[in-house]
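Notes follow once the structure below has been shown.
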Protein chains: 2
Amino acid sequence: EDVLISGIAKKDNEVRVNIAGIPDKPGVASTIFKQLADANINVNMIVQSVGKEGHSQISFTVINTDLDEAKKVMAKLQTELGAESVTYDADIAIVSVVGVGMKVYAGIAAAVFDELAKNSINLEMISTSEIKISVVIRKADAEKTVQALHKRFFLQA
Amino acid sequence: EDVLISGIAKKDNEVRVNIAGIPDKPGVASTIFKQLADANINVNMIVQSVGKEGHSQISFTVINTDLDEAKKVMAKLQTELGAESVTYDADIAIVSVVGVGMKVYAGIAAAVFDELAKNSINLEMISTSEIKISVVIRKADAEKTVQALHKRFFLQA
Ligand SMILES: C[C@@H](O)[C@H](N)C(=O)O
Ligand SMILES: C[C@@H](O)[C@H](N)C(=O)O
């Protein structure tokens with residue numbers, strides 16, 4: 001089948017931000033990301049899963065050098081939105097598997113997750129599209145993860 | 001700034017699946033996606049946000065023609081993993097904004113979310129990367145969303 005894994009990338013200079021217990025209604029996400037954009041904070045990997053009982057949470061990452069500024073913005077937002085909590089985690093890495101023609105997509109995601117499971121690595125966040133599978137893991141697991149995935153997909157490490 | 005929105009796509013033939021209250025430990029995601037892959041079910045837009053108290057949830061979409069088969073697999077998984085629930089929602093659309101050079105990324109996501117908020121459209125799920133912003137919305141809002149985003153980003157509708 002026509003799958004080509006073109007590369008595996010690792011980012012370990014980003015911090016995961018999570019704002020939880022926010023109202024799941026129009027205008028909330030735009031408020032958050034407009035204020036971050038106004039502060040010139042670039043964000044990566046925005047992830048929001050299905051909400052529950054009218055509330056939701058949104059996770060995203062920022063470059064560690066933007067963390068202080070992000071914290072100021074998020075503190076204001078927590079109050080403005082009545083969010084239950086805002087948490088930060090700098091001890092993460094984002095590992096991404098990039099491919100083309102992933103029509104055997106379900107199999108590729110399964111293989112990526114299987115390789116991590118074999119190595120007892122916990123998947124803390126997942127975000128995928130037809131061309132990219134990204135996972136958030138502990139920073140200490142990043143090197144082992146990249147090596148294992150290179151081996152699994154027969155890539156030069 | 002060097003941003004190019006290359007297109008806006010809509011998918012309204014997919015069903016959102018969410019498995020909630022699953023243990024947030026290695027091997028859980030791989031179990032789910034291996035069983036789906038074994039049943040030849042292709043999945044799209046896998047989203048998992050940060051877990052809480054040792055549990056998490058994973059959302060993903062399947063083509064509506066795969067729904068019956070997916071439900072069989074998920075029913076087994078719910079028991080196997082002791083999941084709190086598995087839910088399905090066919091009344092969704094996935095709208096994606098694809099771009100290149102999104103180094104003003106934070107601004108693009110903010111603009112997409114702002115446009116939806118202006119139109120009172122709720123963002124039910126979000127998944128982004130540097131080249132693609134995908135949102136899950138009510139199917140009935142899909143056409144209005146695509147038109148609004150085309151207009152906002154000066155694209156031919
Ligand atoms: C939670 C947040 O995404 C909300 N649903 C919104 O549309 O803004
Ligand atoms: C929830 C699920 O992703 C789990 N953390 C795993 O690694 O399999």
Side-chain angles (χ1 to χ4, degrees), chain A residues 16 18 20 24-38 40-52 56-60 87 89 96 103-107 109-111 113-134 136, chain B residues 16 18 20 24-34 36-38 40-52 56-60 87 89 96 103-107 109-134 136:
Chain A
R16 188 269 296 149
N18 187 48
D24 190 7
K25 60 181 173 75
V28 172
S30 71
T31 298
I32 295 167
F33 293 94
K34 274 161 83 180
Q35 291 190 27
L36 289 165
D38 288 347
N40 286 314
I41 296 164
N42 275 325
V43 302
N44 190 16
M45 205 170 169
I46 302 172
V47 169
Q48 176 189 316
S49 188
V50 178
K52 196 175 168 185
S56 194
Q57 69 179 12
I58 302 179
S59 300
F60 56 94
T87 58
D89 192 339
S96 298
K103 40 201 281 279
V104 283
Y105 182 62
F113 302 159
D114 178 60
E115 195 55 36
L116 269 67
K118 281 191 161 90
N119 286 278
S120 300
I121 294 165
N122 196 42
L123 290 155
E124 304 180 7
M125 283 171 66
I126 302 170
S127 178
T128 73
S129 67
E130 285 98 335
I131 55 168
K132 192 185 210 188
I133 295 166
S134 290
V136 170
Chain B
R16 189 268 297 147
N18 187 47
D24 191 6
K25 61 182 172 72
V28 172
S30 71
T31 298
I32 294 168
F33 292 95
K34 274 160 83 180
L36 288 165
D38 288 347
N40 285 313
I41 296 165
N42 276 325
V43 302
N44 190 15
M45 204 171 170
I46 302 172
V47 169
Q48 176 188 317
S49 189
V50 177
K52 196 174 168 186
S56 195
Q57 69 179 13
I58 302 179
S59 300
F60 56 94
T87 58
D89 192 338
S96 299
K103 43 200 279 278
V104 282
Y105 182 62
V112 170
F113 302 159
D114 178 59
E115 195 56 37
L116 269 67
K118 282 190 161 92
N119 286 278
S120 300
I121 294 166
N122 196 43
L123 291 155
E124 303 180 7
M125 283 172 64
I126 302 170
S127 178
T128 73
S129 67
E130 285 99 334
I131 56 168
K132 192 185 210 187
I133 296 165
S134 290
V136 169

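All values below were derived from every heavy atom in this structure, side-chain atoms included, with hydrogens, water molecules and symmetry-related copies excluded. By convention in this document, chain letters (A, B, ...) are assigned in the order of the sequence lines, proteins followed by strands, and residues within each chain are numbered from 1.
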Looking only at heavy atoms, what is the nearest atom pair of A:Ala110 and B:Ala37, with distance?
-> CB-CB, 4.3 Å

A:Lys52 versus chain B, the contacting section by heavy-atom distance below 4.5 Å | side chain

For A:Thr31, which residues count as a side chain to side chain donor-acceptor pair (under 3.5 Å) partner, sequence neighbours excluded?
-> none

Top residue by heavy-atom pair count (under 4.5 Å) with chain B, among A:Asn119, A:Val50, A:Asp114?
-> A:Val50

Can A:Ser49 and B:Ser49 be counted as having a side-chain donor-acceptor contact under 3.5 angstrom?
-> no

At what distance, to the nearest 0.5 angstrom, does OG1 of A:Thr128 lie from CZ of B:Phe33?
-> 7.5 Å

Heavy atoms only, distances under 4.5 angstrom: which of A:Ser56, A:Gly27, A:Ser59 has the most pairs with chain B? Name it, please.
-> A:Ser59

Got a second to check how far A:Ser30's OG is from B:Ile121's CD1, nearest 0.5 Å?
-> 12.0 Å

Reported CD-to-OG distance for the pair B:Gln48 and A:Ser127, which is rounded to 0.5 angstrom = 10.5 Å

When rounded to the nearest 0.5 Å, the distance separating OG of B:Ser134 from CD of A:Glu130 is 7.5 Å

Please look at A:Asn18 and chain B and tell me whether the side chain, the backbone, both or neither of the residue comes under 4.5 angstrom of a heavy atom of that chain.
-> side chain

Find the distance between CG (A:Leu123) and CD1 (B:Ile46) and round it off to the nearest 0.5 Å.
-> 10.0 Å

